[in-house]
Amino acid sequence: MFELEQQQLETQIKAYCVARDLPLKDISWSWIPFSGNWGISVSFFQLTADDARAKGLKINVAARAQEIAQSIAEAMILPDGFDRIEAVRGYLNIYFSTRAFSKRVIDAVLTERDRFGQGESKHQKVMVEFSQPNTHKAFHVGHLRNVILGNSVCNILEKAGNEVIRANYLGDIGLHVIKWMWCYLKYHRGEEPSGDITRWMGDLYAEATRRHEDETEAEAEIRDLFGRWDHRDPEITALWERTRQWSLDGFADIYSTLGVKFDHLYFESEVEDSGKEIVDELVSKGIAVDERPVNAVAVKLDDLCGTNEKYRVLVVLRSDGTSLYATKDLSLAIKKFEQFHLDRSIYVIDVRQSLYMQQIFKTLELMGYPWTKNCYHLAYEIVNLPGNVTMSSRDGTVVFLQDLLNEATARALAIVEEKNPDLDSGTKQSIAHKVALGALKYSMLSRDNTKIVTFDWEAALDFNGQAAPYIQYAGVRANSILRKAENGIPTALAVNYDLTPVEIELVEMISRVPKEIQRAATECKPLYISNLAYDLAKAFNDFYRQCPVLQADPQVRDFRLRISAASRQAIVNCLSLLGIETPEVM
RNA sequence: GCCCUCAUGGCUCAAUGGAUAGAGCACCGGUCUUCUAAACCGAUGGUUGCAGGUUCGAGUCCUGCUGGGGGCGCCA
């Protein structure tokens, strides 16, 4: 937000170093800790160490760095908007004029509103593939992390200045679908789903799995059915189309509940034929070897790359000629780039598929596609139960989304009833929904992608502490002040009082939003945003407690009203990047 | 056997290679006649799994070890 001033400072520091033959590399600014003031900081340790090495001197780096910092501090001419400069323990700390800079930050937020934090266009078209559910199966909290993470990454990339295409890739065919249809035809023919469609589909799939294991004739019958599917038997095709649609309707309900939208849907069934053509191409190019009927068609990546036990072998077609996940994924990757002329393609898929994704990318590279380097597997860890137990429908340990949401919403509703009994029931319901969903999303986004999320009912339903409701509540408190301001939010005005430390802290947090969005986008880490949102809420709560707004002197009150409005906006924008809504009241 | 990943207070997690490792939960003690107490304040609790190395500086990077999780030719 203060790039220009920062550049002026850098120019001076560079000139100083050049004049004294000091080997300055890049200047990396950071925030000043512990100061209670607002500013930026740069250290001179690296420079000092490099200098000593170049000149062959043995010196005390810390002391020498302090000398340099001190000397620069004395020589520096501060640009407008800076108050003070000092050298501390090898760091050069430059303090902003809090009045000038806080005005600028607050004005920027209240001018840009929802767009605050929006980065300039990077002219990059990015496709993010996420969710990838299988039709005819259940949807539980294990699948939730993917949707919530993928959606948030899309929001963040978009806000950072990318053009984002949200893609879903549905597993609408394969053995699991055939097994489902076998069970349906044999035991549930003519039935239709009711209520929670996805739950109903999932239950039938669980039954199919059980019967497949228990019934001796099942295996042969299922294989027979797979054959009929392969030959496009009209009855089977019709049944597939109808039941597949049930799942799609069920998913649509779930995405709608979660507030997630997709720009483009891909289906496994649509890339099956083209995938087989890719396999032919791989074989003719000598990349894949066809060892049928003894073995399958495979790409022996280690042989091709000269590596040992690294890329292993990617099987691209079964020995009976039927397609595999890889068959279709190769085709899909190509289709994406050809159809949309992407600059980047991101796959949000859990970490267990890391090797597989590397194999796909490597195979595409061997095929000569130059865009392969722009494919990225965004790997995230799975959601487990306490004791590191993986959810399993077989063991009946899965937690269903609807059950969780119902329970969370009920608890949130009880709290709203207690806090705000006068609200009408529709509003209460809406608040409870936003709070419950927010808590759930936040708990999955406030952990690093590489960390396993342990799902715990009590923790998931705990709305206190570092959780979404805390942040939402800060936004609500800000709103409450604004609602009571008789003349609305004052227009831009100069600051003519000394800001208190908590106000400075709050404004600093707000000012960090744009940079944190860029950082989160670069690393695909919503965690940075969830941390910032919490810090913002915490800073606002400090402000709320220590700084009266409506009761303050007019000139103080007016600027604090603007701080309150900007705080709410910053909180709303951050939560929105996480896919979380901020209620007006709670 | 090979590869990936994780290890930070009792528990769950943060921390651009940088200044004094921060929160939340739990536990203990306080705060509503003042903008919503879903809040706030205070206390307790750490040789960042172990051993080396790189660096002016390591929770962070490298190597090895220990322990947990995951993956490794016809599941997705």
Item to check | Interatomic distance at C1', B/G59 relative to B/U34, whole Å | outcome: 45 Å
Next on the checklist: Check this one for me: any side-chain N or O of A/T450 less than 4.0 Å away from OP1 or OP2 of B/C6?
Outcome noted: yes
Next on the checklist: When the P atoms of B/U33 and B/G45 are compared, how many Å lie between them, rounded to an integer?
Outcome noted: 34 Å
Checklist entry - With a non-hydrogen cut-off below 4.0 angstrom, is A/S41 in contact with a base, only sugar-phosphate, or nothing? => result base
Item to check | Rounded interatomic separation in angstrom, taking CH2 from A/W31 and P from B/G18 | outcome: 16 Å
Checklist entry - Considering only side-chain heavy atoms of A/S43, which listed nucleotide, B/A15, B/U8, B/G18, is closest? => result B/G18
Checklist outcome for this item: Regarding the side chain of A/P33, the nearest nucleotide among B/A37, B/C35, B/A19 is B/A19
Checklist entry - So, is A/R545 near the phosphate of B/C35, with a side-chain N or O under 4.0 Å from OP1 or OP2? => result no
Checklist entry - Any side-chain donor paired with an acceptor under 3.5 Å for A/Y528 and A/E523? => result yes
N/O contacts under 3.5 Å, protein versus nucleotides 9-12 of chain B?
unit_1, atom_1, unit_2, atom_2, d
B/U12, O2', A/R447, NH2, 2.7

Next on the checklist: Between A/T48 and A/D51, do the side chains contain a donor N or O and an acceptor N or O under 3.5 Å apart?
Outcome noted: no
Item to check | Distance-only side-chain donor-acceptor flag, A/S269 / A/D172, under 3.5 Å | outcome: yes
Item to check | Nearest listed nucleotide, side chain of A/V549, among B/C35, B/A39, B/C2 | outcome: B/C35
Next on the checklist: Let's test your reading of the model: under 3.5 Å, does the base of B/C2 pair with the side chain of A/R312 as donor and acceptor?
Outcome noted: yes
Checklist entry - According to a strict under-4.0 Å criterion, is A/K310 in side-chain N/O contact with OP1 or OP2 of B/C72? => result no
Item to check | Residue A/D542, side-chain atoms from C-beta onward, closest of B/C2, B/A23, B/C40 | outcome: B/C40
Next on the checklist: Please classify the nucleic acid contact of A/V416 as base, sugar-phosphate, or nothing, using heavy-atom distances under 4.0 Å.
Outcome noted: base
Checklist entry - RNA chain B: A/K300 or A/Q546, which has the more 5' nearest nucleotide? => result A/Q546
Under 3.5 Å between N/O atoms: give me all the protein pairs with nucleotides 74-76 of chain B, atom names plus distance.
unit_1, atom_1, unit_2, atom_2, d
B/C74, O2', A/R318, NE, 3.3
B/C74, O2, A/S319, N, 2.9
B/C74, O2, A/S319, OG, 3.3
B/C74, N3, A/S319, OG, 3.2
B/C74, N4, A/V294, O, 3.4
B/C75, OP2, A/R318, NE, 3.1
B/A76, OP1, A/R318, NH2, 3.4
B/A76, O3', A/E268, OE2, 3.2
B/A76, N1, A/Q353, OE1, 2.9
B/A76, N3, A/Q353, NE2, 3.2

Next on the checklist: Give me the distance, rounded to whole Å, that separates B/G17 from B/G70 when you measure between the P atoms they each carry.
Outcome noted: 30 Å
Next on the checklist: Stem finding on RNA chain B, please: runs of three or more consecutive Watson-Crick or G-U wobble pairs, both distances under 3.5 Å, sorted by first number.
Outcome noted: B:1-7 with B:66-72, B:10-13 with B:22-25, B:28-31 with B:39-42, B:49-53 with B:61-65
Checklist entry - Counting heavy atoms not belonging to A/E516, are there more than 12 under 6.0 Å from its CD? => result yes
Checklist entry - Would one find a side-chain N or O of A/N464 under 4.0 angstrom from OP1 or OP2 of B/A39? => result yes
Kindly give the atom pairs (protein nitrogen or oxygen, nucleotide nitrogen or oxygen) under 3.5 Å for nucleotides 56-58 of chain B.
unit_1, atom_1, unit_2, atom_2, d
B/C56, OP1, A/R53, NH2, 2.3
B/C56, N4, A/Q46, OE1, 3.0

Checklist entry - Does atom CG of A/N487 have more than 12 heavy-atom neighbours from other groups under 6.0 Å away? => result no
Next on the checklist: Test: salt bridge (charged side-chain N to carboxylate O under 4.0 Å, His left out). Region: residues 556-568 of chain A. Which pairs qualify, not counting sequence neighbours?
Outcome noted: A/D107-A/R562, A/E503-A/R560, A/R568-A/E584
Next on the checklist: Roughly how many Å apart are B/G68 and B/C50, using the C1' atom of each and rounding to a whole number?
Outcome noted: 16 Å
Item to check | Protein-nucleotide distance (A/M586, atom CE; B/C35, atom P), rounded to Å | outcome: 18 Å
Checklist entry - Are A/K538 and B/G24 close enough that a side-chain N or O sits under 4.0 Å from OP1 or OP2? => result yes
Checklist entry - If you draw a 6.0 Å radius around CD in A/E213, do more than 12 non-hydrogen atoms from other residues or ligands fall strictly inside? => result yes
Checklist entry - Under 4.0 Å: is that the gap between some side-chain N or O of A/N541 and OP1 or OP2 of B/C40? => result yes
Next on the checklist: Please classify the glycosidic conformation of B/C32 as syn (within 90° of 0) or anti (everything else).
Outcome noted: syn
Checklist entry - Which value, in whole Å, describes the distance between the P atoms of nucleotides B/G24 and B/G42? => result 10 Å
Checklist outcome for this item: Given the 90°-from-0 boundary between syn and anti, B/G30 should be labelled anti
Item to check | Within the 6.0 Å centroid threshold, strictly below: A/Y91 and A/F45 | outcome: yes
Checklist entry - Looking only at atom P, what distance separates B/G69 and B/U8, rounded to whole Å? => result 15 Å
Next on the checklist: Please verify the inter-ring angle class for A/F455 with A/W457; under 30° counts as parallel, over 60° as perpendicular, anything in between as tilted.
Outcome noted: perpendicular
Item to check | Pairs where residues 535-549 of chain A contributes a residue and the test side-chain hydrogen bond (donor to acceptor under 3.5 Å, both in side chains) is met, not counting sequence neighbours | outcome: A/Y470-A/N541, A/R477-A/N541
Checklist entry - Ignoring hydrogens and angles, are the base of B/A14 and the side chain of A/S446 linked by a donor-acceptor pair under 3.5 Å? => result no
Checklist entry - Choosing from B/A39, B/A19, B/G69, which nucleotide comes nearest the side chain of A/R89? => result B/A19
Item to check | Given B/A37, B/A19, B/U8, the nucleotide with the shortest approach to the side chain of A/Y91 | outcome: B/A19
Next on the checklist: Categorize A/Y528 for me: base, sugar-phosphate, or nothing, with a 4.0 angstrom heavy-atom threshold over every strand shown.
Outcome noted: sugar-phosphate
Next on the checklist: Between B/A58 and B/U63, how far apart are the two C1' atoms, rounded to whole Å?
Outcome noted: 15 Å
